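Each remark here refers to the structure printed beneath this line.
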Amino acid sequence: MDSSTLRKQFDHFRILIIGRANAGKTTILQRVCKTRENPEIYNSAGKKIDPAVLMACRERGLHDIENEMVFRNTPGFIFHDSRGFEAGGHSEFDKMKAFIASRSKKRRLNDRIHVIWYCIPMDEDGRSFTNAEVMFFSQCDTGNIPVIVLFTKFDALYDDEFEELISKGVSRKDAEALVPQHAKEAFANGPQIKLLYSCKDNQRPPRCHICLPDMDKDDADCGPLIERTAEILDDDVLKQLFVSSQRTNLELCIRYAVERSLARHLNFTQTISSRIFGKSDLSCHIINEMGGWFPKTSVRFG
């Protein structure tokens, strides 16, 4: 699908973000959208909601998963927030399930949920799955919507790994450098990951997981999250919509433009320049197709 057709039919990529209170959800969304600003909130009818009204609703314990969160500098993304199930028990869980089921039946691809990010913070005592996680992965039918688990605040595991390295005689300087990788390796072999992907315990395990440390820092890197999300999208239209909507990783746009659009038009008997800039309608098609992987890119030929 060329860039103009894509933008006419699908102008938003929808993400449902789920997680406990203080799981770092808002911080992650700000990092993904490269902003420190709070999102603007719209109701299901597209009307902007006054922040004072939202605050009053939150103080009364009210929350509407249908509300849309949009960051002004990244309008291609629409986020829906499902607050932690512990806040409302089965009631909140049932609302979330109904929301996913309802959105899955939408006729327009633009109105469906395209991916789910499930946040689990690593800074809490025990760092184990709560009943909310068990309920979600054992009872929630997400259909064809891919789910990625985000282990947020992953740097909370660094202190234990640091002390273990020090106890083994590693210098403090070397230990600081080794901690991130050691924490990932230890976690990969830990009980949380085994439980997460257990077919016996989870009817619908996630497509993948990602560890996100230091998201509260100014130089936080959410590139791995963007890349993994793009990788697990099976539909090429959705993949192009996601890649072209994000503005964090330009290299990702270039890579997909080359791998998905340019490479399949090339053969060993023609150079890239002759293939793209040759005097044919094909050259216009290739350039227009490549442009679809970049945000707000339009290509015109005189």
Side-chain angles (χ1 to χ4, degrees), residues 13-35 39 65 69 71 74 77-87 92-93 96 99-100 113-124 126-138 140 142 145-158 180-181 183-188 190-198 202 204-217 219-233 238 242-243 245-246 248-249 252:
F13 188 94
R14 290 181 185 270
I15 299 173
L16 170 61
I17 187 164
I18 304 173
R20 317 169 197 170
N22 301 315
K25 293 181 291 183
T26 301
T27 300
I28 289 171
L29 298 186
Q30 289 174 327
R31 288 293 176 267
V32 167
C33 296
K34 296 190 78 171
T35 182
I65 195 174
M69 300 188 296
F71 291 90
T74 315
F77 284 139
I78 290 180
F79 300 101
H80 293 270
D81 177 26
S82 175
R83 66 179 180 178
F85 309 143
E86 72 277 6
E92 287 296 328
F93 182 68
M96 182 273 301
F99 173 76
I100 292 176
I113 296 299
H114 303 130
V115 72
I116 296 173
W117 289 344
Y118 197 113
C119 300
I120 302 177
M122 291 287 99
D123 64 338
E124 298 182 3
R127 296 160 182 165
S128 59
F129 291 164
T130 65
N131 187 52
E133 282 81 59
V134 175
M135 288 171 59
F136 180 82
F137 290 107
S138 63
C140 186
T142 54
I145 306 173
V147 179
I148 303 179
V149 169
L150 281 53
F151 289 107
T152 63
K153 304 183 181 182
F154 193 75
D155 49 296
L157 303 183
Y158 289 178
Q181 186 59 34
K184 282 186 178 181
E185 292 174 356
F187 187 71
Q192 294 96 334
I193 299 301
K194 292 179 181 179
L195 178 61
L196 186 65
Y197 293 104
S198 171
N202 296 333
R204 294 185 178 276
R207 291 283 187 92
C208 65
H209 70 276
I210 187 168
C211 303
L212 296 176
D214 302 318
M215 285 291 106
D216 58 326
K217 295 183 178 179
D219 60 349
D221 180 18
C222 67
L225 172 58
I226 297 296
E227 292 183 16
R228 291 296 283 147
T229 301
E231 288 173 4
I232 58 101
L233 292 171
L238 285 180
F242 176 78
V243 172
S245 293
Q246 62 85 30
T248 303
N249 193 337
L252 188 68

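All figures in this text were calculated on a predicted structure; none of them were measured in a lab.
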If you take all heavy atoms of [X] and [Y], which pair is closest and at what distance?
X: C140; Y: I100; result: SG-CD1, 3.8 Å
X: T152; Y: C119; result: CG2-CB, 4.0 Å
X: P146; Y: V115; result: O-CG2, 3.4 Å
X: V243; Y: A230; result: CG2-CB, 4.0 Å
X: T35; Y: R31; result: O-NH1, 4.3 Å

Note, [X] side chain near [Y] side chain (heavy atom, < 4.5 Å):
X: W117; Y: K25; result: no
X: H80; Y: I78; result: yes
X: L29; Y: P39; result: no
X: K34; Y: F71; result: no
X: L233; Y: F13; result: yes
X: Q246; Y: V32; result: no
X: P205; Y: F137; result: no
X: P180; Y: F154; result: no

Subject >> Crowding at CG, D214 (>12 non-hydrogen neighbours, <6.0 Å) >> reply: yes
Original post:
Given H114 and F242, is the ring-ring contact (aromatic ring centres under 6.0 Å, His included) satisfied, shown in steps?
Top reply: CA-CA 9 Å; H114 303 130; F242 176 78; 9.9 Å; no
Rounded to the nearest 0.5 Å, what separates atom [atom1] in [X] from atom [atom2] in [Y]?
X: T142; Y: M96; atom1: OG1; atom2: CE; value: 9.5 Å
X: I148; Y: T229; atom1: CD1; atom2: OG1; value: 3.5 Å
X: L225; Y: M215; atom1: CG; atom2: CE; value: 8.0 Å
X: K184; Y: L157; atom1: NZ; atom2: CG; value: 12.0 Å
X: D221; Y: L212; atom1: CG; atom2: CG; value: 9.5 Å
X: L150; Y: I18; atom1: CG; atom2: CD1; value: 11.0 Å

Original post:
Any idea how F79 and F77 line up, ring-wise: parallel (<30°), tilted (30 to 60°), or perpendicular (>60°)?
Top reply: tilted
**OP:** Kindly assign one of parallel, tilted or perpendicular to the pair F151 and F187, based on the angle between their ring planes and the thresholds 30° and 60°.
**Re:** perpendicular
**OP:** Only one of I120, N22, T27 passes side chain to side chain contact (heavy atoms under 4.5 Å, CB included) with K153; say which it is.
**Re:** N22
